[in-house]
S.K.: 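Below: one structure in structure tokens.
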2 protein chains.
Amino acid sequence: MADGGNNGDGAGWVTMGEVAVRAGVSPMTVSRVLKEPDRVRPATRERVERAIAELGYVPDAAAGALASRQSRLVAALVSTLAGSIFASTIAGLGAALREAGHELLLGTTEYSSASEEALLRAVLGRRPDGLVLSAGQHTPAARRLLERATRGLAVPVVEIWQLPERPVDMAVGFSNFAAGRAMTAFLADLGYRRIAFIGVLGPDDFRGKRRHAGYVEVLAEQGLGPPRTFGSGGFGGSAGAGASVEEGAAGLAAVLERWPDCDAVFCGSDPIAFGAITEAARRGIAVPGDLAVAGFGDFDYAGDAGLALTTVRIPGERIGRETARLLLERKAGRLPEPVVVDLGFELVRRRTA
Amino acid sequence: MADGGNNGDGAGWVTMGEVAVRAGVSPMTVSRVLKEPDRVRPATRERVERAIAELGYVPDAAAGALASRQSRLVAALVSTLAGSIFASTIAGLGAALREAGHELLLGTTEYSSASEEALLRAVLGRRPDGLVLSAGQHTPAARRLLERATRGLAVPVVEIWQLPERPVDMAVGFSNFAAGRAMTAFLADLGYRRIAFIGVLGPDDFRGKRRHAGYVEVLAEQGLGPPRTFGSGGFGGSAGAGASVEEGAAGLAAVLERWPDCDAVFCGSDPIAFGAITEAARRGIAVPGDLAVAGFGDFDYAGDAGLALTTVRIPGERIGRETARLLLERKAGRLPEPVVVDLGFELVRRRTA
DNA sequence: GACCGTTATGGTAGCGCTAACATTTGGCGC
DNA sequence: GCGCCAAATGTTAGCGCTACCATAACGGTC
């Protein structure tokens, strides 16, 4: 048998071969101790485990991936980490994945759809065992890459934070439309009659538009007059929160100028609601006395000790964990069918409406 | 020449061999087109590029890593993504890395130091070309792994958001001590004399403790009496922001009970300041009229349209980009020495102090 | 003790790529 | 045209691991 690897140069990682030599077994047995311990006799296993510990051996995942044809890597592509919209989902996804021996490869597009293809190529180069997508839109080139990965090859894809009518593969999220409806109906039930909507309704924000559509529908159903919508065309609902706060303040100003009789505002996101509340305070408008404000997302600062914002809570972390579960199930060969999981949402009434 | 790879099964990725066959060159030439295009004659290069495009070839990074012994992966281990403390740093790091053809592998410990070793093992298994660490503390086992990776092997490490006296390798951040001093001195200059501190001073929060130390020192220097510190022992300064807000509210209540004459509060983080301001509002205490409040971090909601919080701004994204630069420089063989980069901070005066 | 069916272990080959060297090609001076 | 040097391309040999199959060891049966 060879010497087990890179002796001498001192700067290399310990290899499985070296562990094998030390334990007096073949590399194959070391591999089995790592992956199927039950198939190795306890005495042998202990010897190998001791060698692993003594040498500080850490298996090379790239080599393992090459040989086994599975990377144990799941790539998540989100528009941004800022604003903590996806942060809990990513955290849940990562934790659940790690428990199952997989790793999370994170890519953020930061709204540059030009770089989306580059990101996707880079990520596909790692041959991920699964793909998690938050964006709805893709460039044609990116779309083609995705197609190839999903159809021709067997890379499972999960779209999150929405329930597309025609999912690429699987989806975990909630109905933004239903959530928009629910909050609007809730405000109406509370007796508010002149409900405005402030949101970001730019071309990228598929989700925000769905929420707005829900708002519009309830207004029509309940005869609450035409929509009073202020929508900027900026970045998606997950835009840098700072920008959203500005928009909320500016949005409320615009709304009050155009419809001074408003008694409630439904904001497309919590940061927007925060900006609106700040602007209201600046103008001496009492919330909820003169004006009710509702948000969307139940972000970190919305709680009772802070804003006390009435909002819609999204089970962000559960979306992450469920996504991981789906991916793992699919990989294990169970769950051959595409699935769409609706995790719902929750109305949280606090003090602003 | 062989057939170039996995013909027939239809479910595999295109390999370099297949591209080579299509372009009528050897695999090596394809490899060169990808990595050193200048060393390939333009005519040949174009042929290869066309073949790549037609086949939708995406190189297998794991195989490349194995052969070249560089993974082009940088692992970042942060305590959490929540609260958006590190979000901008991670975003900047990821963007800068991607521009240089590297990828970001993200690991969050979520405060479970028990799982820290597992995380580190998983991450080291990918043979990262660099390691970015946000935490100060490590378990003994994790520390040993780190040692081995850093010393024996040549994995560069960058510690961020602080300037350790004895860095493991490199560091990019700012002096939390100096920042604590600066804000306290700033409040003193403004005429506040009875300045309290609310923060999380648990065992993990090295950074928060440094800020507090700066506060204490300025108080002593300027004869402002003994520190009026309320410190909970909870999670680190980057804990879930929701929890921090609660702490800020509870903290202010505790401070006012013990030292009713306070005229200013320096909060160890912006979420804490937010909670404190909310609590002040609840009690009818005018900010900054009756009580000045300062935060730390300049988080997304601190701006003028929102809280208008006086705070300390940390160049989060620049920390990320600078970290990437250091890692890449080191990898390129330049920059053989350990470096500590102080990116400083900035006092932002808004309306709460 | 020869037989068998397990169960435990080892040998061989190769995953897709690239470093290092070998070879070919092309351009140019004389 | 020949020789020569550089540039362009090809060949060989693994990187560290795991799938697959072969062999060896074991424990019981008659």
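Predicted, not measured: the structure shown is a model, and the values here were computed from it. Order of the sequence lines sets the chain letters (A, B, ...), proteins ahead of strands, with each chain counted from 1.
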S.K.: Using whole Å, what does the distance between atom C1' of nucleotide C/dC17 and atom NZ of B/Lys35 come to?
M.R.: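 These atoms are roughly 10 Å apart.
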
S.K.: Should A/Arg69 be listed as having a side-chain N or O under 4.0 Å from OP1 or OP2 of C/dG14?
M.R.: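 Answer is no, no contact under 4.0 Å.
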
S.K.: Send over the distance from A/Arg126 CZ to C/dC17 C1', rounded to a whole Å.
M.R.: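 For the pair A/Arg126 CZ and C/dC17 C1', the rounded distance is 13 Å.
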
S.K.: Just the rounded figure in Å: distance from P of D/dC17 to CH2 of A/Trp13.
M.R.: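 Rounding to the nearest Å, CH2 of A/Trp13 and P of D/dC17 are 11 Å apart.
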
S.K.: Going by heavy atoms in the side chains, are A/Leu133 and A/Val168 under 4.5 Å from each other?
M.R.: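 Of all side-chain heavy-atom pairs linking A/Val168 with A/Leu133, none is under 4.5 Å.
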
S.K.: For B/Val123 and B/Leu131, run side-chain contact (heavy atoms from CB on, under 4.5 Å): C-alpha distance rounded to whole Å, both residues' side-chain angles, the deciding distance at 0.1 Å, then the answer.
M.R.: CA-CA 9 Å; B/Val123 142; B/Leu131 226 41; 3.9 Å; yes

S.K.: Without decimals, in angstroms, what is the distance between B/Gln70 CD and C/dG16 C1'?
M.R.: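 Going from B/Gln70 (CD) to C/dG16 (C1'), I get 16 Å.
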
S.K.: Checking side-chain contact (heavy atoms from CB on, under 4.5 Å) for the pair B/Val58/A/Leu120: CA distance, chi angles, key distance, verdict?
M.R.: CA-CA 10 Å; B/Val58 179; A/Leu120 193 53; over 6 Å; no

S.K.: Using OP1 and OP2 only, check whether a side-chain N or O of B/Ser31 sits under 4.0 Å from C/dT18.
M.R.: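 Answer is yes, contact under 4.0 Å.
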
S.K.: Show every salt bridge (charged side-chain N to carboxylate O under 4.0 Å, His left out) that has at least one partner inside residues 32-50 of chain B, sequence neighbours left out.
M.R.: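 The answer is none; no pair qualifies.
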
S.K.: Using rotation axes that map the C1' atoms of four end pairs onto the next four (five pairs an end), what angle separates the end axes of the helix from C/dG1-D/dC30 to C/dC30-D/dG1, to 10°?
M.R.: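 Taking the rotation axis at each end, their angle is 40°.
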
S.K.: Reading nucleotides 5-10 of chain D 5' to 3', which nucleotides get B (base under 4.0 Å from a protein heavy atom), which S (sugar-phosphate only), which -?
M.R.: ---SBB

S.K.: Just the rounded figure in Å: distance from P of C/dT18 to CD of B/Glu36.
M.R.: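 Result: 10 Å.
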
S.K.: Whole angstrom is fine here: how far is it from CG in A/Leu66 over to P in D/dT18?
M.R.: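 Roughly 11 Å, once rounded to whole Å.
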
S.K.: With a 4.0 Å limit, can you tell me whether B/Tyr57 has a side-chain N or O closer than that to the phosphate oxygens OP1/OP2 of C/dG16?
M.R.: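 No.
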
S.K.: Nearest whole Å is fine: how far is D/dG16 C1' from B/Asp60 CG?
M.R.: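 The distance from CG of B/Asp60 to C1' of D/dG16 comes to 14 Å, rounded to the nearest Å.
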
S.K.: Going through the distances and angles, do B/Glu147 and B/Arg144 end up as a salt bridge (charged side-chain N to carboxylate O under 4.0 Å, His left out)?
M.R.: CA-CA 5 Å; B/Glu147 279 295 312; B/Arg144 223 172 308 124; over 6 Å; no

S.K.: Would B/Arg22 and B/Glu18 pass as an ion pair if we require N to O under 4.0 Å?
M.R.: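 Judged by the 4.0 Å cut-off on N to carboxylate O distance, B/Arg22 and B/Glu18 do not form a salt bridge.
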
S.K.: Heavy-atom distance under 4.5 Å between the side chains of B/Tyr57 and B/Val48, does that happen here?
M.R.: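 Not touching, per the 4.5 Å side-chain cut-off.
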
S.K.: Would you call B/Asp129 and B/Glu103 a side-chain contact if the rule is heavy atoms closer than 4.5 Å?
M.R.: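 In short, these two side chains do not touch, never coming nearer than 4.5 Å.
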
S.K.: For the pair made of CZ in A/Arg72 and P in D/dG16, what is the distance, rounded to whole Å?
M.R.: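 It works out to 21 Å between those atoms.
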
S.K.: Would you say the side chain of A/Val132 lies within less than 4.5 Å of the side chain of A/Leu327, judging by non-hydrogen atoms?
M.R.: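 The answer is yes, as the side chains (C-beta and beyond) meet within the 4.5 Å cut-off.
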
